[in-house]
Amino acid sequence: VSFFFFKQKTAYEMLRSLVGSEMCIRDSLYVLSLIKSKNAQHDDALNLGLKAEKFGESIYGELSPQLDQIYFRIGEAFLKKGNFQMSEQYTKKALDTKSPTLQSQNFSRCKALEQLGYVQFKQNKLEMALENYQQVNQLINEGVCSAKDFEQQFHYRMALCLKKLKRYAESEQLLLKAVELTEKSVALSPIEEVKLHQNLAFVLSQQNKWKIAAYHQKKALQQFDKDVKDKNKQQNEDLVVGLGLMYYKLGKFEHALAYYERACKIAKQLRGEHDKKYHDYSQIVHDLRLSLIHI
């Protein structure tokens, strides 16, 4: 007869076993959250991320491995759902935690600082956003953030912040860099490319650089007409009116007239003949026709 004796586990060994089990649960929840996020299932991604946070904190507290990444992903999920306040809260937690990832990996820290800047921008906390963007810019200049798609997004978002602060010359330089990266290596959706050129045209117009502004506004409009499928008529109107104004400033009245006539049609379709903007555009069309008669 053989007897088998099993050594009873100590309390410490039991704890280690439990920790290992909960770590597996946490990591599984985290991976599922990433998959859901990539598939644009933002509610599921957020719920799984919050569960992963709970398991992580219950094991090691703030020293839990990857807890900073979990905080970052929860912040990202809140951002995608449009909850900028909660996104800011969790992105700050990611940057402040003692968990090692964001402290040791500069690119991860870059992404977290950029996300924090963006959610602050969306809440109109412009100076705070700019401070975080400047930290990202320093890390990019040091060569630690070399992913072109990330750089393009960062330059564009920082430019929007500077635009809102009316620092147009600085915004112009960043938008030009974003355009350069887009043309070289970063594919944008048609509507994103429209917005990029439209914003660049705006900051150029604010500096009276009408010729180059008209070039980018026309590029935005051509992209809108050609490739944007779900067309927003209000954006179409803004693009057309903006281009008409730029040609007017350049003294190209025939071009300006054509775009203001188009604006009249759009305004009438959107809001009817009694709309104030429709009457304003009609008056401009009338004045331009008179000007062309007397030239």
Side-chain angles (χ1 to χ4, degrees), residues 82 121-122 124 126 152 156-157 159-176 178-180 182-183 187-295:
F121 165 77
K122 296 295 281 186
N124 214 33
L126 301 180
Q152 193 280 341
Y156 180 63
R157 287 179 171 180
L160 293 184
C161 185
L162 288 164
K163 172 193 166 189
K164 210 164 185 179
L165 288 165
K166 299 185 178 180
R167 293 166 61 169
Y168 298 123
E170 294 167 86
S171 181
E172 175 194 345
Q173 293 307 309
L174 288 166
L175 286 167
L176 286 169
V179 168
E180 179 188 340
T182 300
E183 290 174 347
L188 296 179
S189 70
I191 194 63
E192 287 173 331
E193 197 160 342
V194 167
K195 289 177 180 177
L196 175 57
H197 286 283
Q198 188 177 10
N199 277 295
L200 179 52
F202 176 83
V203 299
L204 288 162
S205 71
Q206 294 303 300
Q207 301 170 80
N208 295 319
K209 298 180 179 180
W210 297 108
K211 187 175 182 180
I212 188 68
Y215 168 81
H216 285 285
Q217 189 80 356
K218 188 173 183 180
K219 197 162 187 176
L221 182 58
Q222 288 172 337
Q223 182 88 26
F224 184 89
D225 288 340
K226 180 184 174 185
D227 295 322
V228 176
K229 292 180 180 178
D230 298 321
K231 297 190 189 300
N232 181 311
K233 289 185 178 180
Q234 183 58 61
Q235 187 176 12
N236 188 17
E237 181 181 343
D238 293 341
L239 286 164
V240 169
V241 171
L243 190 52
L245 173 63
M246 290 166 193
Y247 280 129
Y248 177 82
K249 291 287 187 179
L250 288 167
K252 296 184 176 182
F253 298 138
E254 287 185 5
H255 291 77
L257 175 60
Y259 285 105
Y260 276 111
E261 286 175 335
R262 182 173 166 182
C264 280
K265 292 177 183 177
I266 297 169
K268 186 177 179 180
Q269 288 173 352
L270 279 175
R271 297 177 295 274
E273 292 184 354
H274 300 294
D275 176 60
K276 183 181 182 303
K277 284 188 177 179
Y278 170 75
H279 285 285
D280 290 344
Y281 302 153
S282 297
Q283 185 62 52
I284 293 170
V285 166
H286 177 264
D287 294 343
L288 283 168
R289 284 173 179 166
L290 287 177
S291 297
L292 288 167
I293 290 170
H294 293 99
I295 289 176

Write down the atom of [X], the atom of [Y], and the distance for their closest heavy-atom approach.
| X | Y | result |
| --- | --- | --- |
| S171 | V203 | OG-CG1, 3.6 Å |
| A263 | V240 | N-CG1, 3.8 Å |
| L196 | L175 | CD1-CD2, 3.8 Å |
| Q198 | A220 | N-CB, 3.9 Å |
| A213 | S205 | CB-N, 3.9 Å |

Can any side-chain N or O of [X] pair as donor or acceptor with the backbone N or O of [Y] at less than 3.5 Å?
| X | Y | answer |
| --- | --- | --- |
| K166 | K163 | no |
| Q217 | L239 | yes |
| S282 | Y278 | yes |

Side chain to side chain contact (heavy atoms under 4.5 Å, CB included) evaluation trace for E254 with L292: CA-CA 7 Å; E254 287 185 5; L292 288 167; 3.6 Å; yes

Could [X] and [Y] be called an ion pair, given the rule that one side-chain N must be under 4.0 Å from one carboxylate O?
| X | Y | answer |
| --- | --- | --- |
| D225 | R262 | yes |
| K265 | E273 | no |
| E192 | K195 | no |
| E261 | R289 | yes |

Side chain to side chain contact (heavy atoms under 4.5 Å, CB included) evaluation trace for L204 with W210: CA-CA 7 Å; L204 288 162; W210 297 108; over 6 Å; no

Is any side-chain heavy atom of [X] closer than 4.5 Å to a side-chain heavy atom of [Y]?
| X | Y | result |
| --- | --- | --- |
| Q222 | D227 | no |
| N232 | E237 | no |
| D275 | L270 | no |
| L188 | Q152 | yes |
| Q173 | L176 | yes |

Drop me the distance from [X]'s [atom1] to [Y]'s [atom2], to the nearest 0.5 angstrom.
| X | Y | atom1 | atom2 | answer |
| --- | --- | --- | --- | --- |
| K218 | Y259 | NZ | OH | 5.0 Å |
| H216 | L221 | NE2 | CG | 14.5 Å |
| F253 | L290 | CZ | CG | 12.5 Å |
| H197 | T182 | NE2 | OG1 | 7.0 Å |
| H286 | C264 | NE2 | SG | 12.0 Å |
| Y260 | L243 | OH | CG | 9.5 Å |

NZ (K231) with more than 12 external heavy atoms under 6.0 Å: yes

Over 12 non-hydrogen atoms of neighbours within 6.0 angstrom of NE2 in H279: yes

Full working for side chain to side chain contact (heavy atoms under 4.5 Å, CB included) between L174 and Y156: CA-CA 7 Å; L174 288 166; Y156 180 63; over 6 Å; no

Ring-face cation contact, F121 with K164, 6.0 Å cut, 45° max: yes

Ring geometry between Y168 and F202 (parallel below 30°, tilted from 30 to 60°, perpendicular above 60°): perpendicular

K276 vs R271, side chain to side chain contact (heavy atoms under 4.5 Å, CB included): CA-CA, chis, key distance, verdict: CA-CA 9 Å; K276 183 181 182 303; R271 297 177 295 274; over 6 Å; no

